[in-house]
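Computation of the quantities below employed the complete heavy-atom set of this structure, encompassing side-chain atoms and omitting hydrogens, waters and symmetry-equivalent molecules. For ligands, and for the atoms within them, numbers begin at 1 and follow the listed sequence. Count residues from 1 along the sequence. None of these values were measured; they are calculated from a predicted model.
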Amino acid sequence: MTILVTGGAGFIGSHVLTLFVEKYPEYHVYNLDALTYAGNLENLKAIESKPNYTFIKGDITDETFINELFQKHKFDRVIHLAAESHVDRSIKDPLAFIKTNILGTTILLNAFKDTWKNNFKDKLFYHVSTDEVYGTLGQTGLFTETTPYDPNSPYSASKASSDHIVRSYGETYNMPYVITNCSNNYGQNQFPEKLIPLFINNIINREPLPVYGNGDYTRDWLYVKDHAIAIDLVFHKGKNKETYNIGGFNEWKNIDLVKVLCQQMDTKLCRPSGDSEKLITFVTDRPGHDLRYAIDASKIKNELGWEPSVTFEEGLTITIDWYLNNDVWLKNVTSGAYQSYYNKQYNKNT
Ligand code: NAD
Ligand code: DAU
């Protein structure tokens with residue numbers, strides 16, 4: 001089987017690729033990634049010289065290039081993760097999100113359709129999506145697979161749109177697909193623009209920790225390797241044309257999570273207890289900020305037997321240790337363009 005993974009140099013993609021390349025030597029896994037600011041081949045060191053792995057640098061929005069690539073390799077299956085993924089960036093530059101997440105996904109779907117025409121036996125287009133397509137919850141309730149889509153940010157609207165287009169290819173062209181909608185991931189290799197790695201980096205450097213609004217927003221956190229395991233399961237055992245929600249059974253208010261992170265960092269960095277908490281700074285809220293995400297993951301649990309394998313405490317410890325032990329990785333990704341992004345995003349606030 002030849003598998004095309006898109007966005008494999010990013011955070012989640014790098015864990016999915018590593019799992020597939022190491023676990024399935026009989027598959028050939030291609031990694032297509034444009035290496036945007038979020039893509040980093042350092043994330044793939046463990047597999048870069050494996051014979052069943054090939055990296056291809058390229059952009060999913062380049063239609064000619066994508067069509068030729070599919071004609072050349074005739075990928076049996078696609079796991080599509082490439083995306084613009086950060087909500088704050090989507091507020092500043094929505095077009096980039098529309099282009100990659102909607103147009104790019106459609107170009108991939110077309111190339112896949114044209115490669116296999118109507119002969120889709122054993123083929124699969126696996127679209128990796130987010131719980132943000134459902135919009136926001138109030139203080140109670142959970143997102144299920146039948147919750148109506150109600151996205152609030154350009155990022156989530158672009159992902160919602162791509163989900164709909166994938167589904168439409170299933171209905172219109174009978175193209176086999178699965179979609180998974182996952183909650184917030186954390187773990188190794190995450191770019192320090194997202195809450196947990198940003199705050200770890202700032203604590204290391206004794207920089208302010210910019211908590212949006214009053215910090216009273218809730219997310220459902222999942223360790224990234226558990227997401228990769230879920231993707232492996234759905235890829236092999238998921239039902240055609242089905243959607244599966246993936247979550248951590250692990251809701252945290254931002255401010256509570258940040259305080260736990262501060263405590264753990266104080267211990268790891270041998271700083272006095274309470275030291276990092278002093279860095280917490282409440283800043284102007286994110287526009288359109290979704291109050292609460294929480295996933296009902298009972299479908300994937302009951303049908304495919306998936307559950308998170310690590311507790312949040314274990315996952316967070318692994319994550320903090322990884323960032324502390326990979327200071328060169330962290331320095332590399334936070335040099336250059338990162339600084340100008342950071343200044344634009346936070347300087348007015350902090
Ligand atoms: P990421 O930003 O870390 O990585 C995205 C990758 O896609 C990068 O390697 C980047 O270079 C590549 N890419 C971007 N534009 C591209 C283009 N035009 N052509 C080719 N490659 C391109 O993202 P992530 O956090 O790993 O998320 C991966 C996927 O999972 C996304 O589709 C995202 O919507 C989804 N998701 C993320 C989370 C999360 O918490 N991070 C949760 C649920 C779903
Ligand atoms: O729910 C899944 C989604 O989770 C994914 O689809 C997205 O790709 C991923 O980025 C993530 O989106 P969030 O917006 O929830 O993640 P982020 O890490 O940006 O923010 C988490 C929470 O922390 C959110 O309530 C905003 C808040 N926050 C974030 C940053 C970066 C702050 O208070 N301060 C910050 O500086």
Side-chain angles (χ1 to χ4, degrees), residues 5-17 31-41 43-44 56-62 65-66 79-91 96-97 99-101 103-105 107-108 127-134 136 143 153 155-156 158-159 162-163 180-187 189-199 202 208-222 224 227 231 246-247 252-255 257-258 280-286 289-295 342 345-346 349-350:
V5 175
T6 69
F11 167 47
I12 300 170
S14 62
H15 291 280
V16 171
L17 258 177
N31 171 19
L32 171 66
D33 198 298
L35 298 183
T36 68
Y37 78 91
N40 186 350
L41 292 177
N43 297 344
L44 297 163
I56 302 164
K57 185 170 188 299
D59 191 325
I60 59 168
T61 67
D62 182 343
F65 165 75
I66 293 294
I79 307 177
H80 176 37
L81 296 113
E84 290 293 340
S85 69
H86 190 38
V87 173
D88 291 329
R89 287 185 192 253
S90 84
I91 293 165
F97 286 70
K99 194 174 169 205
T100 291
N101 299 357
L103 186 63
T105 300
I107 286 172
L108 287 171
H127 182 59
V128 176
S129 192
T130 171
D131 61 355
E132 297 198 16
V133 299
Y134 300 122
T136 188
F143 294 136
S153 73
Y155 163 68
S156 54
S158 69
K159 292 296 291 187
S162 65
D163 291 11
T180 46
N181 296 86
C182 188
S183 63
N184 287 62
N185 283 215
Y186 69 96
N189 303 346
Q190 188 168 32
F191 191 79
E193 62 186 353
K194 311 279 165 63
L195 181 73
I196 290 181
L198 180 90
F199 279 31
N202 284 15
L209 305 177
V211 174
Y212 294 156
N214 58 7
D216 213 11
Y217 295 88
T218 299
R219 297 290 181 266
D220 174 356
W221 293 93
L222 176 67
V224 63
H227 187 186
I231 288 176
I246 305 171
W252 283 84
K253 277 199 172 146
N254 290 343
I255 189 64
L257 186 155
V258 169
I280 292 176
T281 313
F282 292 95
V283 301
T284 309
D285 212 345
R286 172 186 280 176
H289 200 166
D290 287 329
L291 177 68
R292 178 170 162 258
Y293 305 146
I295 285 274
Y342 193 87
Q345 178 63 26
Y346 295 103
N349 295 324
T350 54

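- Taking any N or O of V87, backbone or side chain, none lies under 3.5 Å from an N or O belonging to ligand 2.
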Show, in sequence, the C-alpha distance, side-chain angles and deciding distance for E193 and R89, and conclude whether the salt bridge (charged side-chain N to carboxylate O under 4.0 Å, His left out) test is met.
CA-CA 9 Å; E193 62 186 353; R89 287 185 192 253; 2.7 Å; yes
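- In L198, the part holding a heavy atom less than 4.0 Å from any atom of ligand 2 is the side chain.
- The residue among H86, E132, K194 with a heavy atom at the shortest distance from atom 13 (P) of ligand 2 is E132.
- Of all protein heavy atoms, the one lying nearest to atom 4 (O) of ligand 1 is G10 CA, 3.4 Å.
- Closest heavy-atom approach to atom 29 (C) of ligand 2 within the set Y212, F199, Y186: this belongs to Y212.
- In this structure, S129 and V133 approach most closely via the heavy-atom pair OG-CG1, 4.0 Å.
- Distances from ligand 1 to the non-hydrogen atoms of G8 include no value under 4.0 Å.
- In this structure, the side chains of L108 and I66 come closer than 4.5 Å at one or more pairs of heavy atoms.
- Scanning both residues, G247 and S183, for their nearest heavy atoms gives CA-OG, 3.4 Å.
- No close placement of the Y212 and Y217 rings is indicated, their centers lying 6.0 Å or farther apart.
- Here is the list of ligand 2 atoms found below 4.0 Å of a heavy atom in N254: 22 (C), 23 (O), 24 (C), 25 (O), 27 (C).
- A salt bridge does not link K159 with E132: none of the charged nitrogens is closer than 4.0 Å to a carboxylate oxygen.
- On a distance-only criterion, H289 and ligand 2 share at least one N/O pair closer than 3.5 Å.
- Residue contacts with ligand 1: E193 is placed with no nitrogen or oxygen under 3.5 Å of a nitrogen or oxygen of the ligand (distance criterion only).
- Residue F97 does not touch ligand 1, judged by heavy-atom distances below 4.0 Å.
- Atom numbering of ligand 2 starts at 1 in the shown order; those under 4.0 Å from a heavy atom of V211 are 33 (O).
- In terms of N/O distances under 3.5 Å, ligand 1 is approached by S85.
- Between the N43 side chain and the A9 main chain, a donor and an acceptor come within less than 3.5 Å of each other.
- Each of the following atoms of ligand 2 lies closer than 4.0 Å to a heavy atom of D131: 1 (O), 2 (C).
- Shortest contact from atom 16 (O) of ligand 2 to any protein heavy atom: N184 ND2, 3.4 Å.
- At least one heavy atom of G58 sits closer than 4.0 Å to an atom of ligand 1.
- Listed by atom number, the atoms of ligand 1 under 4.0 Å from Y155 heavy atoms are 33 (C), 34 (O).
- Of the candidates G39, A82, A34, A83, A83 brings a heavy atom nearest to atom 14 (C) of ligand 1.
- Shortest non-hydrogen contact noted between P210 and N202 is CD-ND2, 4.0 Å.
- In the vicinity of S85, heavy-atom distances shorter than 4.0 Å reach the ligand 2 atoms 7 (C), 8 (O), 9 (C), 10 (O).
- If you check which protein heavy atom lies closest to atom 43 (C) of ligand 1, you get C182 O, 3.3 Å.
- When side chains are defined from C-beta on, L44 counts as touching N31, because their heavy atoms get closer than 4.5 Å.
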Start with the C-alpha gap between H80 and T105, add the side-chain angles, then the distance that decides, and say whether side chain to side chain donor-acceptor pair (under 3.5 Å) holds.
CA-CA 8 Å; H80 176 37; T105 300; 2.9 Å; yes
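- Nearest heavy atoms, R292 versus T136: N-OG1, 3.2 Å.
- Numbered from 1 in the order shown, with element, the atoms of ligand 2 that lie under 4.0 Å from a heavy atom of P210 read 32 (C), 33 (O), 34 (N), 35 (C), 36 (O).
- Remark: ligand 1 and T61 share no N or O pair separated by less than 3.5 Å (distance only, no angle test).
- Among F11, Y346, Y155, the residue whose heavy atom lies closest to atom 5 (C) of ligand 2 is Y155.
- Looking at V128 against ligand 1, both its backbone and its side chain come within 4.0 Å, counting heavy atoms.
- A donor-acceptor pair under 3.5 Å is absent between the side-chain atoms of T100 and the main chain of F97, judged by distance alone.
- At distances below 3.5 Å, at least one donor-acceptor pair connects side-chain atoms of T6 with backbone N or O atoms of L81.
- Looking at N189, its side chain never comes within 3.5 Å of a backbone N or O of G187 through a donor-acceptor pair.
- Between H227 and V128, some side-chain heavy-atom pair lies under the 4.5 Å cut-off.
- Summarising the geometry of D220 relative to I295, their closest heavy-atom pair is OD2-N, 3.1 Å, with the distance given to 0.1 Å.
- Residue contact check for ligand 2: C182 places a non-hydrogen atom closer than 4.0 Å to it.
- Between K57 and D33 there is no salt bridge, since none of the side-chain N atoms of the basic residue sits less than 4.0 Å from a carboxylate O of the acidic one.
- Only the backbone of L35 comes within contact range of ligand 1, with a heavy atom under 4.0 Å; no side-chain atom does.
- Using a non-hydrogen distance threshold of 4.0 Å, Y37 does not register as a contact of ligand 1.
- Within a 6.0 Å sphere centred on NZ of K194, other residues, nucleotides and ligands contribute more than 12 heavy atoms.
- Note on ligand 1: L81 sits in its first shell, one or more heavy atoms being nearer than 4.0 Å.
- Nearest heavy atoms, V5 versus G8: CG1-CA, 4.2 Å.
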Show your reasoning for whether side chain to side chain donor-acceptor pair (under 3.5 Å) applies to D131 and N184.
CA-CA 8 Å; D131 61 355; N184 287 62; over 6 Å; no
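- Not a single heavy atom of G104 sits under 4.0 Å from any atom of ligand 1.
- Remark: minimum distance from atom 25 (O) of ligand 1 to any protein heavy atom is reached at F11 CD2, 3.7 Å.
- Inclusion of Y293 in the set of residues having an N or O under 3.5 Å from an N or O of ligand 2 is not warranted.
- In summary, of the residues considered (Y342, Y186, F11, Y37), a ring-ring contact (aromatic ring centres under 6.0 Å, His included) with F191 occurs for Y37 alone.
- Proximity of K159 to ligand 1, defined as any heavy-atom pair under 4.0 Å, is confined to the side chain (atoms from C-beta onward).
- Contact atoms of ligand 1 toward N184: 40 (O) (distance under 4.0 Å to a heavy atom of the residue).
- For atom 17 (P) of ligand 2, the candidate residues are E193, K253, R219, R286; the nearest heavy-atom contact is made by R286.
- Interface atoms of ligand 1 facing S129, defined by a heavy-atom separation under 4.0 Å, are 43 (C), 44 (C).
- Within ligand 2, counting atoms from 1 as listed, the ones closer than 4.0 Å to a heavy atom of T130 are 1 (O), 2 (C), 3 (C), 5 (C), 6 (O).
- Residue contacts with ligand 2 for S183 involve N, CA, C or O but no side-chain atom from C-beta outward (heavy atoms, distance under 4.0 Å).
- Closest to atom 18 (O) of ligand 2, if we only count protein heavy atoms, is L195 N, 2.8 Å.
- Looking only at heavy atoms of the protein, atom 26 (O) of ligand 1 is closest to I12 N, 2.8 Å.
- Ligand 1 has an N or O atom lying under 3.5 Å from an N or O atom of N185, backbone or side chain.
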